[in-house]
Amino acid sequence: MNTAIPLRLITAIVDKNISSLVKLADMALHYGLNSMNIITGRVGMLQQRKGLLGFFAPGASLINESADIFMFLVAAGAEEACLGMLTDVCRLKKGGRATVFSEEVEQVRACEACGQVDGACSFSGEKAKTDAELMGICCIVQRGRGDDIARVTLETGTCVPSTFFGIGTGVRDKLGLLRVAISAEKEVIQAIASTYDAEMIMDMMIDAGKLDQPGNGFIYIHPLSRGIVNARVSTEAPRHAASMEQIISAIDELKSGFSWRSRGVAEKGAVGSRPYLSSLVGFMLFCDDGTSNDLVSAAMAAGAAGATINKMKLVHSGGADYRTLSPARELCSMIVGEKQVPVIVEALEKAGAFGDNGHAKILLRKVPKACTYLGK
Amino acid sequence: MAVQQQSSGKIKVSFKQAMGLLVPYVKDRLMAQVKSLWLIVLYLIFFQTIILGIPIAEASAIAAGLALVILGLMFYMEGLFLGIMPLGETIGVKLPQKSKLPVILLFSFILGVGVTMAEPAIGILKAAGSFVTPWDAPLLFLILNKYSSYLVYSVGVGVGCAVMFGMLRFMYNWSLKPFLFIGMAILIPASLYGLFEPNILYLSGVAWDCGAVTTGPVTVPLVLALGIGICRVVGRADSGASGFGVVSLASLFPILTVLILGYANLGSVPKVMEESDFFTAANREKAAALFTSVDDMNGYVLLNTGEATQLALFDNDKQKMLDYCAKVKADPALQTLIFGILPHAMEKWAATRGSAEQRLIVFGSEEKVREAIARYATVAQEPLFIGEILKRNTLAAIQAIMPLVIFLVLVLTLLLREKLPKADEIFLGILVALVGMTFFNIGIELGLAKLGNQAGQMLPSSFQAIPLQNEKKVIAQFDTSLVQNAVTSTGEKAQFFYAKRGEEYSPFPFHRESYDPATGQYVYVPTKGPLFNGMGGMLGILVVLAFAFIMGYGATLAEPALNALGQTVEELTVGTIKKFVIMQTVAVGVGMGLLMGLVKIIWDIPLMYLLVPPYIVVVTLTIFSKEDFTNISWDSGGVTTGPVTVPLVIAMGLGIGNQVGVVEGFGILALASVYPILTMLAVGIFLNRKSAAALKESAIETGKGGAL
């Protein structure tokens with residue numbers, strides 16, 4: 001069921017207060033989308049320490065708010081309307097409310113119920129003002145260490161990162177019952193940055209999380225097609241007529257892009273000195289709750305190194321096809337080599353992933369660059 | 001994230017490598033429990049030895065007990081997260097997908113009744129009600145004794161309904177708030193009626209406590225996990241951190257069902273009256289209704305009352321009473337019914353509490369009476385039976401966990417026809433939970449409860465003189481000529497004598513009633529306190545109140561159910577509401593609640609005066625709270641009073657209650673569960689200030705746009 005039409009995976013990370021106020025899920029269904037996956041996460045912001053605390057420990061503390069992460073798959077033609085709809089419903093023009101991005105993905109295989117793609121979005125309002133030349137940065141670390149990484153993007157003023165919980169699998173699952181001794185809890189940090197900044201920020205994140213050391217995590221970048229950046233990185237009241245973020249976004253608009261922001265090569269520091277992985281594929285397996293264990297084991301037997309599993313909720317329009325799917329879904333993300341994809345898909349097929357045992361769907365995203373501990 | 005691992009199948013791990021993995025894993029978890037328990041333990045020891053100045057008795061047993069508590073908590077928490085909670089969540093996810101509403105409701109009801117039966121709180125309530133006498137609180141006495149099984153059933157039905165409505169809430173996305181408002185609107189007036197009817201007044205204490213104690217360390221995590229599972233498949237897209245609220249309902253419904261039980265029996269019990277009137281012929285028929293049989297009533301009177309009441313029961317005919325004693329003496333079955341199965345219980349009663357004539361009947365001759373009195377006068381230290389303790393607690397743990405787990409596994413495999421995911425992990429978790437609960441219960445019994453008892457009994461000495469019953473001494477050949485006179489500042493005479501204890505000579509007050517001229521024995525009980533006599537005795541009371549606050553705070557931090565709740569909240573909110581914040585807030589709330597509980601006991605204030613105002617504040621705060629925080633806050637109130645707090649509270653309550661002479665020690669637990677709700681709601685409103693501002697901003701725009 002390899003789809004020929006170009007697809008876009010749209011991700012919207014919206015503060016929970018706003019998404020529940022505007023009933024984003026209901027609105028999306030209202031505008032003709034058929035299904036979406038929702039993950040609960042958090043978004044961070046910097047807040048200057050004040051008073052006594054600020055005197056003894058000057059600097060900014062990271063405060064977190066709950067956020068909903070909406071993911072839906074549409075045909076490339078509906079991308080613009082969807083982004084416009086999100087901008088309108090969440091009132092994104094004001095800035096600092098949500099991060100929205102779409103990316104090119106390939107749907108390799110899907111079960112009958114979840115294989116259909118939303119072809120259109122009936123929203124016909126104003127077109128969204130979006131940026132191109134963006135790159136997503138996705139980082140997976142041990143639970144509890146996500147804030148160190150999230151701080152990097154906040155302090156550079158790049159964007160507001162979002163964090164959500166996941167469960168890691170890998171070597172751990174080959175240890176038998178002894179596996180319980182190793183914590184499987186992970187945090188996934190998703191940030192976006194301009195193509196020009198992405199690698200530098202990725203490097204800063206690697207430094208912050210010592211991701212090139214054993215057992216500390218994994219980071220990769222993935223190209224985006226369009227996006228709206230949430231640059232409200234601080235809770236501070238503006239001291240000037242316009243905030244720094246507003247000024248930056250105004251210049252972005254004037255220069256029509258981010259290329260002016262690119263810093264000199266010299267500033268990038270140690271870029272290039274690290275061994276990076278390249279030409280990888282982000283393998284996203286969407287499946288029913290509870291089936292991920294078996295499916296990930298099958299994928300690992302076929303060569304995948306490990307997976308990060310996130311719990312999601314599937315919201316749909318109530319069509320007959322969707323009713324066979326469990327509303328509790330899981331997303332298993334794996335980073336694999338391009339050549340491994342067919343083998344893993346075949347292994348999943350054998351494990352019954354696309355039948356009743358999973359109702360799975362596989363999306364691929366390109367991963368041009370990744371970094372983790374590679375061994376000696 | 002090891003990329004280099006490409007092979008499939010199991011990895012062989014050497015013993016050394018396994019230890020390398022296990023040691024840090026165990027160490028982390030052990031340290032977590034040490035951290036949660038050190039405060040309360042050090043505090044109790046510090047308070048007893050430094051402030052009250054009493055050495056700790058049985059220190060080695062207590063130390064071993066505390067070590068077991070820490071080990072037990074470690075195992076139990078791990079068992080919860082590995083086994084019991086994943087099992088609950090799996091069922092929660094599958095149940096709405098595979099079965100119809102009636103089946104879900106039936107399952108919920110059975111589960112609710114089951115968890116109550118598995119964790120019977122009746123023992124706790126009986127302990128709190130051990131002073132309750134039939135004449136002071138007839139209805140309470142009836143429900144705690146003859147109808148105690150009905151009490152358990154009504155609590156069970158209450159929890160069953162709570163779980164059922166909890167699931168309905170999730171399925172139809174109902175708010176918790178109407179349940180809370182309607183619940184309070186029924187419960188508060190129904191309890192306030194107690195101000196006009198003393199029977200209801202005392203009963204309402206038990207009812208509100210039932211709400212607090214029913215939700216134990218197995219119930220809460222299981223019900224939470226189930227709710228979270230269900231919320232993952234039903235309800236709205238933006239329901240967010242839902243899955244909470246069942247525990248709140250499980251605290252409210254039992255109050256209602258117990259009050260109903262009380263009102264239903266109100267007509268058949270006698271009015272509250274004086275002890276001496278209670279058993280007179282005029283009232284006897286109604287009084288007998290409180291007991292299972294006439295012999296039960298006669299036995300209660302013999303065991304628990306003075307001679308005047310005993311005579312009242314036997315129509316002021318002394319011979320009739322003595323004939324009855326003789327009949328009991330002659331009939332072993334009757335003796336067991338009245339005095340229990342312990343050997344020589346009747347002899348012990350006669351020697352310590354019986355009148356001269358009663359003793360003569362029991363022992364036969366004056367000579368034997370004298371011997372017996374000497375034998376039973378010293379309080380024997382009850383020996384520890386390790387084997388018996390181990391057996392009893394293992395059985396209790398199995399009873400608390402296994403029936404529920406088996407029920408859940410059966411539902412999953414037979415009703416839902418699903419296989420158990422990660423079955424090995426879940427079974428390991430259940431096993432670990434069993435071991436943990438056994439250790440934990442033994443540890444509580446040997447360590448924490450003992451430590452709490454010692455501190456609790458001595459606590460009143462900070463504001464008044466208390467007799468040290470454990471140090472009761474008998475002087476066999478007392479010579480009254482040694483008694484001397486002393487004069488007080490007002491010129492009254494006081495008598496005292498000198499005694500040699502060890503190498504010290506110290507004066508003791510002489511009480512003529514403690515001297516038995518027939519046997520020549522003088523029994524004296526040393527007293528202690530008041531230690532803090534400043535400010536007209538208020539200083540001592542302040543010390544006690546501070547003790548209660550810190551004890552509540554410290555004990556709450558070690559509660560397993562609260563730990564599970566905190567962890568779950570942090571997990572579901574992806575760290576935006578931290579476990580640390582919840583634990584601290586709730587602990588402060590419980591501290592405040594215990595403080596108010598002592599206020600109730602020390603000044604004997606009707607519970608409702610102390611319980612209704614905070615509930616009114618709580619209901620008001622609830623109106624202004626967001627739905628998620630409302631759920632979490634009210635749940636916190638339900639989970640606070642668990643196996644760590646309760647024995648300590650009971651020990652403290654009984655210790656103080658004994659000294660100041662109260663009718664019943666109920667209501668402390670109820671108070672300890674309302675204040676955490678209050679503190680949590682307040683913190684929630686504080687935390688939501690910024691979010692509220694953001695909301696307002698959006699709301700204005702929405703209004704302008706008018707597109708929605």
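Each chain gets a letter, A, B and so on, in the order its sequence line appears, and its residues count up from 1. The analysis underlying the following values was restricted to heavy atoms, covering all of them including side chains, and did not include hydrogens, waters or symmetry mates.
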Pick one of side chain, backbone, both or neither for A:Arg329, based on which atoms fall under 4.5 Å of a heavy atom in chain B. backbone

What option among A:Cys90, A:Gly41, A:Gly144, A:Gly290 has the most heavy-atom pairs under 4.5 Å with chain B? A:Gly41

Would you mind checking which part of B:Lys98 comes under 4.5 Å of any heavy atom in chain A, side chain (CB onward), backbone (N, CA, C, O), both or neither? neither

Can a donor-acceptor pair be found between the side chains of A:Ser326 and A:Asp289 at a distance below 3.5 Å? no

Side chain, backbone, both or neither: which part of B:Leu428 has a heavy atom under 4.5 Å from chain A? side chain

Identify whether the distance between the nearest side-chain nitrogen and carboxylate oxygen of B:Glu78 and B:Arg29 falls below 4.0 Å. yes

Is B:Glu627 salt-bridged to B:Arg169, cutoff N-O under 4.0 Å? yes

Non-hydrogen atoms of chain B under 4.5 Å away: do they reach the side chain of A:Met36, the backbone, both or neither? neither

Does any backbone or side-chain atom of A:Asn293 lie under 4.5 Å from a heavy atom of chain B? Answer side chain, backbone, both or neither. side chain

Does any donor atom in the side chain of A:Thr308 or A:Ser333 lie under 3.5 Å from an acceptor atom in the other side chain? no

A:Arg42 bridged to A:Glu187 by N-O distance under 4.0 Å: yes

I need the residue from A:Val180, A:Leu178, A:Asn64 with the largest number of non-hydrogen atom pairs under 4.5 Å to chain B. A:Val180

More than 12 heavy atoms from other groups under 6.0 Å of NZ on B:Lys578: yes

Can you tell which part of A:Asp294 gets under 4.5 Å to a heavy atom of chain B, answering side chain, backbone, both or neither? side chain

Evaluation steps, salt bridge (Lys or Arg N to Asp or Glu O under 4.0 Å), between A:Lys313 and A:Asp68: CA-CA 11 Å; A:Lys313 187 162 194 171; A:Asp68 281 326; over 6 Å; no

Could you check whether B:Asp424 pairs with A:Arg179 (Lys NZ or Arg NE/NH1/NH2 to Asp/Glu carboxylate O, under 4.0 Å)? yes

One option among A:Lys311, A:Arg143, A:His30, A:Glu185 has the most heavy-atom pairs under 4.5 Å with chain B, and it is A:Lys311

Whatever's closer than 4.5 Å to a heavy atom in chain A on B:Glu89 counts as side chain

Chain B heavy atoms under 4.5 Å from A:Ser297: which part of the residue, side chain, backbone, both or neither? neither

Which bit of B:Glu571 is near chain A, if near means a heavy-atom gap under 4.5 Å: side chain, backbone, both or neither? both

Within 6.0 angstrom of A:Lys210 NZ, more than 12 heavy atoms from elsewhere: no

What part of B:Glu425 is in contact with chain A, defined as an atom under 4.5 angstrom from a non-hydrogen atom: side chain, backbone, both or neither? both

